[in-house]
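These notes are about the structure you will find just below.
Sequence positions, counted from 1, serve as the residue numbers for this chain.
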Amino acid sequence: MLIKKYNIPLEIKTIIMSYNYNSFKEIKEFCDENGFGYQVDADVFSKTNGVFSPQDLRMSSEQLHEVLLEIDKIRDFNLHEHTENELICPNIEYSLFIDSNGDAYPCNKYFIKVGNIYNNSIDDIWNNNPLISKLQNLKWKDTTCAKCRINKYCSKCPRVALLEDGNLLGKSSLACDFANVRCDLY
(Lines give C-alpha, C1' and ligand atoms only; values in the text may rest on other atoms or scores of the structure.)
Protein backbone atom coordinates (compact mmCIF):
# COMPACT_ATOMS: atom_id res chain seq x y z
CA MET A 1 0.00 0.00 0.00
CA LEU A 2 2.84 2.37 0.82
CA ILE A 3 4.25 2.00 -2.70
CA LYS A 4 0.96 2.93 -4.36
CA LYS A 5 0.06 5.74 -1.93
CA TYR A 6 3.28 7.70 -2.35
CA ASN A 7 3.95 7.02 -6.06
CA ILE A 8 7.45 5.71 -5.37
CA PRO A 9 9.73 5.53 -8.45
CA LEU A 10 10.28 2.15 -10.09
CA GLU A 11 13.94 1.99 -9.02
CA ILE A 12 12.90 2.19 -5.35
CA LYS A 13 10.04 -0.30 -5.88
CA THR A 14 12.55 -2.73 -7.37
CA ILE A 15 14.79 -2.37 -4.30
CA ILE A 16 11.83 -2.92 -1.96
CA MET A 17 10.74 -6.00 -3.92
CA SER A 18 14.26 -7.41 -3.80
CA TYR A 19 14.00 -7.43 0.00
CA ASN A 20 10.48 -8.88 0.03
CA TYR A 21 10.83 -11.75 -2.45
CA ASN A 22 10.96 -14.43 0.24
CA SER A 23 8.59 -12.84 2.77
CA PHE A 24 6.05 -15.54 1.93
CA LYS A 25 7.89 -17.71 4.48
CA GLU A 26 6.86 -15.40 7.34
CA ILE A 27 3.30 -15.24 6.03
CA LYS A 28 3.22 -19.04 5.75
CA GLU A 29 4.45 -19.36 9.34
CA PHE A 30 1.84 -16.86 10.58
CA CYS A 31 -0.97 -18.64 8.72
CA ASP A 32 0.16 -22.08 9.92
CA GLU A 33 0.32 -20.87 13.55
CA ASN A 34 -3.18 -19.37 13.31
CA GLY A 35 -4.86 -22.06 11.25
CA PHE A 36 -5.44 -19.79 8.24
CA GLY A 37 -5.53 -21.05 4.68
CA TYR A 38 -3.27 -19.33 2.17
CA GLN A 39 -1.97 -19.50 -1.36
CA VAL A 40 1.40 -18.55 -2.78
CA ASP A 41 1.89 -17.13 -6.24
CA ALA A 42 5.22 -15.75 -7.43
CA ASP A 43 3.83 -14.51 -10.75
CA VAL A 44 4.33 -10.84 -11.51
CA PHE A 45 2.93 -10.00 -14.91
CA SER A 46 1.95 -7.05 -17.07
CA LYS A 47 -1.10 -4.93 -16.43
CA THR A 48 -4.19 -5.67 -18.48
CA ASN A 49 -3.92 -2.22 -20.10
CA GLY A 50 -0.65 -3.14 -21.85
CA VAL A 51 1.74 -1.58 -19.32
CA PHE A 52 4.74 -3.88 -18.92
CA SER A 53 6.49 -2.10 -16.02
CA PRO A 54 5.37 -4.64 -13.36
CA GLN A 55 7.72 -7.14 -15.04
CA ASP A 56 10.59 -5.08 -13.59
CA LEU A 57 9.47 -6.28 -10.14
CA ARG A 58 9.89 -9.99 -10.89
CA MET A 59 12.31 -12.10 -8.95
CA SER A 60 15.70 -12.55 -10.50
CA SER A 61 16.79 -15.98 -11.62
CA GLU A 62 18.96 -16.23 -8.50
CA GLN A 63 16.01 -15.39 -6.25
CA LEU A 64 13.83 -17.92 -8.05
CA HIS A 65 16.53 -20.56 -7.55
CA GLU A 66 16.42 -19.77 -3.83
CA VAL A 67 12.65 -19.97 -3.27
CA LEU A 68 10.94 -21.86 -6.10
CA LEU A 69 11.24 -25.35 -4.58
CA GLU A 70 9.48 -24.15 -1.44
CA ILE A 71 6.84 -22.23 -3.40
CA ASP A 72 6.23 -25.30 -5.58
CA LYS A 73 5.80 -27.42 -2.47
CA ILE A 74 3.21 -25.00 -1.04
CA ARG A 75 1.41 -24.80 -4.39
CA ASP A 76 1.57 -28.60 -4.80
CA PHE A 77 3.31 -28.28 -8.17
CA ASN A 78 4.06 -31.65 -9.70
CA LEU A 79 6.49 -32.38 -12.48
CA HIS A 80 4.85 -34.24 -15.30
CA GLU A 81 5.03 -34.36 -19.06
CA HIS A 82 1.97 -32.52 -20.33
CA THR A 83 -0.06 -34.76 -22.61
CA GLU A 84 -1.65 -33.50 -25.83
CA ASN A 85 -5.21 -33.71 -24.51
CA GLU A 86 -4.47 -32.26 -21.08
CA LEU A 87 -6.15 -28.94 -20.39
CA ILE A 88 -3.75 -25.98 -20.38
CA CYS A 89 -5.52 -24.49 -17.38
CA PRO A 90 -7.42 -27.05 -15.31
CA ASN A 91 -8.58 -24.30 -12.90
CA ILE A 92 -10.85 -22.79 -15.54
CA GLU A 93 -12.74 -26.08 -15.60
CA TYR A 94 -14.12 -25.55 -12.08
CA SER A 95 -13.69 -21.91 -11.05
CA LEU A 96 -14.95 -18.44 -11.86
CA PHE A 97 -13.67 -15.13 -10.49
CA ILE A 98 -16.34 -12.72 -9.24
CA ASP A 99 -15.39 -9.23 -8.05
CA SER A 100 -17.14 -7.11 -5.43
CA ASN A 101 -19.43 -5.56 -8.10
CA GLY A 102 -20.68 -8.97 -9.20
CA ASP A 103 -18.70 -8.91 -12.43
CA ALA A 104 -17.60 -12.39 -13.46
CA TYR A 105 -14.30 -13.22 -15.16
CA PRO A 106 -12.83 -16.53 -16.36
CA CYS A 107 -10.18 -16.33 -13.63
CA ASN A 108 -8.27 -13.92 -11.41
CA LYS A 109 -5.77 -13.23 -14.21
CA TYR A 110 -8.18 -13.03 -17.13
CA PHE A 111 -9.98 -9.71 -16.81
CA ILE A 112 -12.38 -9.95 -19.70
CA LYS A 113 -15.85 -9.71 -18.23
CA VAL A 114 -18.09 -12.68 -19.04
CA GLY A 115 -21.17 -11.51 -17.14
CA ASN A 116 -22.51 -10.09 -13.91
CA ILE A 117 -24.20 -12.20 -11.25
CA TYR A 118 -26.76 -9.43 -10.64
CA ASN A 119 -27.84 -9.55 -14.30
CA ASN A 120 -27.32 -13.25 -15.11
CA SER A 121 -27.32 -16.42 -13.09
CA ILE A 122 -23.98 -18.04 -12.44
CA ASP A 123 -25.37 -21.10 -14.21
CA ASP A 124 -26.08 -19.00 -17.31
CA ILE A 125 -22.64 -17.36 -17.23
CA TRP A 126 -20.92 -20.72 -16.70
CA ASN A 127 -22.82 -22.72 -19.30
CA ASN A 128 -23.59 -20.19 -22.04
CA ASN A 129 -20.58 -17.91 -22.36
CA PRO A 130 -18.52 -18.62 -25.50
CA LEU A 131 -15.25 -17.37 -23.94
CA ILE A 132 -15.65 -19.63 -20.90
CA SER A 133 -16.39 -22.55 -23.22
CA LYS A 134 -13.36 -21.79 -25.41
CA LEU A 135 -11.00 -21.53 -22.43
CA GLN A 136 -12.35 -24.72 -20.85
CA ASN A 137 -11.43 -26.62 -24.00
CA LEU A 138 -7.87 -25.36 -24.59
CA LYS A 139 -5.48 -28.29 -24.59
CA TRP A 140 -1.70 -28.54 -24.65
CA LYS A 141 -1.80 -29.86 -28.22
CA ASP A 142 -3.27 -26.47 -29.23
CA THR A 143 -0.18 -24.61 -28.02
CA THR A 144 3.24 -23.94 -29.45
CA CYS A 145 4.57 -25.35 -26.16
CA ALA A 146 3.32 -28.92 -26.67
CA LYS A 147 6.67 -30.18 -27.98
CA CYS A 148 8.93 -28.04 -25.75
CA ARG A 149 11.79 -30.02 -24.23
CA ILE A 150 11.12 -28.63 -20.73
CA ASN A 151 7.33 -28.78 -20.83
CA LYS A 152 7.17 -30.98 -17.73
CA TYR A 153 8.54 -28.04 -15.69
CA CYS A 154 5.94 -25.62 -17.07
CA SER A 155 2.90 -24.08 -15.41
CA LYS A 156 1.83 -21.93 -18.34
CA CYS A 157 -1.07 -19.52 -17.93
CA PRO A 158 -2.73 -18.79 -21.29
CA ARG A 159 -3.84 -15.33 -20.15
CA VAL A 160 -0.33 -14.31 -19.12
CA ALA A 161 0.96 -15.60 -22.47
CA LEU A 162 -1.61 -13.42 -24.23
CA LEU A 163 -0.87 -10.40 -22.05
CA GLU A 164 2.89 -10.49 -22.35
CA ASP A 165 3.65 -12.31 -25.56
CA GLY A 166 0.52 -11.62 -27.59
CA ASN A 167 -0.71 -15.18 -28.09
CA LEU A 168 -3.07 -17.15 -25.85
CA LEU A 169 -1.66 -20.40 -27.26
CA GLY A 170 1.92 -19.22 -27.64
CA LYS A 171 4.88 -19.23 -25.33
CA SER A 172 4.71 -17.39 -22.02
CA SER A 173 7.96 -15.64 -21.11
CA LEU A 174 7.04 -15.84 -17.42
CA ALA A 175 6.31 -19.58 -17.59
CA CYS A 176 9.54 -20.14 -19.52
CA ASP A 177 11.55 -18.33 -16.83
CA PHE A 178 10.02 -20.53 -14.13
CA ALA A 179 10.40 -23.71 -16.22
CA ASN A 180 14.09 -23.02 -16.86
CA VAL A 181 14.76 -22.53 -13.14
CA ARG A 182 12.77 -25.68 -12.30
CA CYS A 183 14.80 -27.59 -14.89
CA ASP A 184 17.96 -26.58 -13.01
CA LEU A 185 16.49 -27.33 -9.58
CA TYR A 186 14.79 -30.65 -10.24
[X] side-chain N/O to [Y] backbone N/O, donor-acceptor pair under 3.5 Å:
X      : Y      : value
Asn129 : Ile125 : no
Asp184 : Val181 : no
Asn108 : Phe97  : no
Glu164 : Ser46  : yes
Asn116 : Asn101 : yes
Gln39  : Arg75  : no
Asp103 : Asp99  : no

Heavy atoms, side chains only, cut-off 4.5 Å: are [X] and [Y] in contact?
X      : Y      : value
Asp177 : Arg58  : yes
Lys28  : Glu26  : no
Tyr21  : Glu66  : yes
Ile98  : Ile122 : yes
Cys89  : Leu138 : no
Tyr153 : Leu185 : no
Asn151 : Cys145 : no

Looking only at heavy atoms, which two atoms of [X] and [Y] are closest? And how far apart?
X      : Y     : answer
Val67  : Asn22 : CG1-CB, 3.7 Å
Lys152 : Leu79 : O-CD2, 3.5 Å
Trp126 : Glu93 : CZ2-O, 3.1 Å
Ile71  : Ala42 : CD1-CB, 3.9 Å

Legend entry - Candidate pair Tyr105 and Tyr110, rule ring pair (Phe, Tyr, Trp, His ring centres under 6.0 Å), full reasoning: CA-CA 6 Å; Tyr105 303 90; Tyr110 208 119; 9.4 Å; no

Inset, instruction - Tell me, yes or no, whether the heavy-atom count around Lys139 atom NZ, taken from other residues, nucleotides or ligands under 6.0 Å, exceeds 12. - result: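 Counting other residues, nucleotides and ligands, NZ of Lys139 exceeds 12 neighbours.
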
Inset, instruction - Answer yes or no: are there more than 12 heavy-atom neighbours, outside Lys25 itself, under 6.0 Å from its atom NZ? - result: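 It does: Lys25 NZ has more than 12 such atoms within range.
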
Should [X] and [Y] be counted in the same cluster of Ile, Leu, Val, Met, Phe, Trp and Tyr side chains packed under 4.5 Å apart?
X      : Y      : answer
Val160 : Ile88  : no
Ile92  : Leu163 : no
Phe52  : Val44  : no
Ile74  : Leu64  : yes
Ile150 : Trp140 : no

Inset, instruction - Could you list the residues that satisfy side chain to side chain contact (heavy atoms under 4.5 Å, CB included) with Ile27, not counting sequence neighbours? - result: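 Ile27: side chain to side chain contact (heavy atoms under 4.5 Å, CB included) contacts with Cys31.
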
Legend entry - side chain to side chain contact (heavy atoms under 4.5 Å, CB included) involving Asn167 - partner list, sequence neighbours excluded: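 Counting only residues at least two positions away or on another chain, Asn167 forms a side chain to side chain contact (heavy atoms under 4.5 Å, CB included) with Leu169.
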
Return the [atom1] to [atom2] distance between [X] and [Y], rounded to the nearest 0.5 Å.
X      : Y      : atom1 : atom2 : result
Ser172 : Arg159 : OG    : CZ    : 12.0 Å
Cys176 : Lys171 : SG    : NZ    : 4.5 Å
Leu68  : Met59  : CG    : CE    : 7.5 Å
Cys148 : His82  : SG    : NE2   : 9.5 Å
Cys157 : Phe178 : SG    : CZ    : 11.5 Å
Ile132 : Leu135 : CD1   : CG    : 6.5 Å

Legend entry - Contacts of type ring pair (Phe, Tyr, Trp, His ring centres under 6.0 Å), residue Phe77, not counting sequence neighbours: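 Once residues adjacent in sequence are excluded, Phe77 has no partner under the ring pair (Phe, Tyr, Trp, His ring centres under 6.0 Å) criterion.
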
Legend entry - Test: Lys147 and Glu84 ion pair at under 4.0 Å: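 Salt bridge: yes.
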
Legend entry - Cationic N near anionic O, under 4.0 Å, Lys109 to Asp41: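 So Lys109 pairs with Asp41 through a salt bridge.
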
